[in-house]
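Side-chain atoms are counted along with the backbone in the values below, which use heavy atoms only and exclude waters and symmetry mates.
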Amino acid sequence: MVLSEADITTIWLTLKLASIVTILLLLLGTPLAWWLARTKSPLRGVIGAVVALPLVLPPTVLGFYLLLFMGPDGPLGELTNALGLGTLPFTFWGLVVGSLFYSLPFVVQPIQNAFEAINESYLEAAATLKASTIDTFYHIILPLARPGFISATILGFAHTVGEFGVILMIGGNIPGETKVVSVQIYDHVEALDYASAHQLSLLMLIFSFTVLVALYSFQKKHTANGLKYG
């Protein structure tokens, strides 16, 4: 298998995008998952539905509204223009923002399930011992929810790698800037270069299969140990 320079560039850009999005989603999604797991607010159902929306919404629909949201007349576009940053569509950072929305449920839901599985008595014991919020999080919540965080990291990264519809709508097809692996495969097929499309598709297939095997093996091991998580 010999990949072209353009293929290698798209692989590098895809891995860079997936890494940044996964890190940001873990940082932003953790407090959101905690709120969803613990709150009794009547807004829980609405916020939960918003988080899960990318699971059922066609990516082109999500990409279209993100395009309007980040465009020159959209709320985010007006903000970034006012800050002198220009608009985000058809840039790498526009892909990052779009991917944060698209991969949100794949990170938030496993962490939320892990938080919900934590026995309340552990938190009550920590409160009785006057442990601070930070101590409770790092020494009790985080270790108990670790399997959920690992699942979220794997799913968030893998799902971002496989994006196509949202990427094409808000990123277009700019080499070195927004052209990721899924778009490169589409280009190869359009050019009837099936050999190159096959090489990249096979890499994606092997990557996806390996990720799922690792994830299911990990879940089986921890389920056998009596842990419950998403």
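Of the possible polar contacts, one joining the Thr14 side chain to the Val181 backbone as a donor-acceptor pair under 3.5 Å is found. Here the side chain of Thr80 pairs a donor or acceptor atom with the backbone of Gly77 at under 3.5 angstrom. The main-chain N or O of Ala37 is never found under 3.5 Å from a side-chain atom of Gln112 such that the two would form a donor-acceptor pair. Listed for the Ser151 side chain is no donor-acceptor partner under 3.5 Å among the backbone atoms of Gly148. For the pair Ser182 (side chain) and Gly162 (backbone), a donor-acceptor distance under 3.5 Å is absent.
Taking all atoms of both residues into account, the shortest heavy-atom contact from Thr178 to Gly171 is OG1-O, 2.7 Å. Closest heavy-atom contact between Val161 and Ala18: CG2-CB, 3.7 Å. Nearest approach of Phe90 to Ile174, heavy atoms of both residues: O-CD1, 3.4 Å. When all heavy atoms of Ala126 and Thr136 are compared, the closest pair comes out as CB-OG1, 3.8 Å. Looking at every heavy atom in both residues, Gly94 comes nearest to Ile170 through O-CD1, 3.4 Å.
Taking a 6.0 Å sphere around CG of Leu83, one finds it holds more than 12 heavy atoms contributed by other residues, nucleotides or ligands. Surrounding CD of Glu5 are at most 12 heavy atoms belonging to other residues, nucleotides or ligands under 6.0 Å away. The number of heavy atoms from other shown groups lying within 6.0 Å of OH (Tyr186) does not exceed 12. Residue Phe207 qualifies as enclosed at atom CZ: its count of foreign heavy atoms under 6.0 Å is above 12.
The closest side-chain heavy-atom distance from Thr22 to Val107 is not below 4.5 Å. In this structure, Ile141 and Ile118 have side chains that are in contact, with non-hydrogen atoms separated by less than 4.5 Å. Looking at heavy atoms from C-beta onward, Thr87 lies out of side-chain contact with Met70 at the 4.5 angstrom threshold. Looking at Asp7 and Leu203, their side chains never come closer than 4.5 Å, going by heavy atoms from C-beta outward. Within the 4.5 Å cutoff, side-chain heavy atoms of Ile47 are placed close to those of Leu32. Side-chain contact between Ile11 and Leu3 is present, with heavy atoms from C-beta onward closer than 4.5 Å. Contact annotation: the side chain of Tyr65 approaches that of Val61 to within less than 4.5 Å [non-hydrogen atoms, C-beta and beyond]. The side-chain heavy atoms of Phe64 and Leu66, taken from C-beta on, include no pair separated by under 4.5 Å.
Leu36 and Leu27 fall into different hydrophobic clusters, where Ile, Leu, Val, Met, Phe, Trp and Tyr are joined by side-chain heavy atoms under 4.5 Å apart, directly or via other members.
In this pair, Phe69 and Phe101 present their aromatic rings perpendicular. The plane angle is above 60°, beyond the 30 to 60° band. Using cut-offs of 30° and 60° on the angle between ring planes, the pair His159 and Tyr102 is tilted.
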task = Please test Ser103 against Thr160 for side-chain hydrogen bond (donor to acceptor under 3.5 Å, both in side chains), starting from the C-alpha separation and ending with a verdict.
result = CA-CA 6 Å; Ser103 294; Thr160 305; 3.0 Å; yes
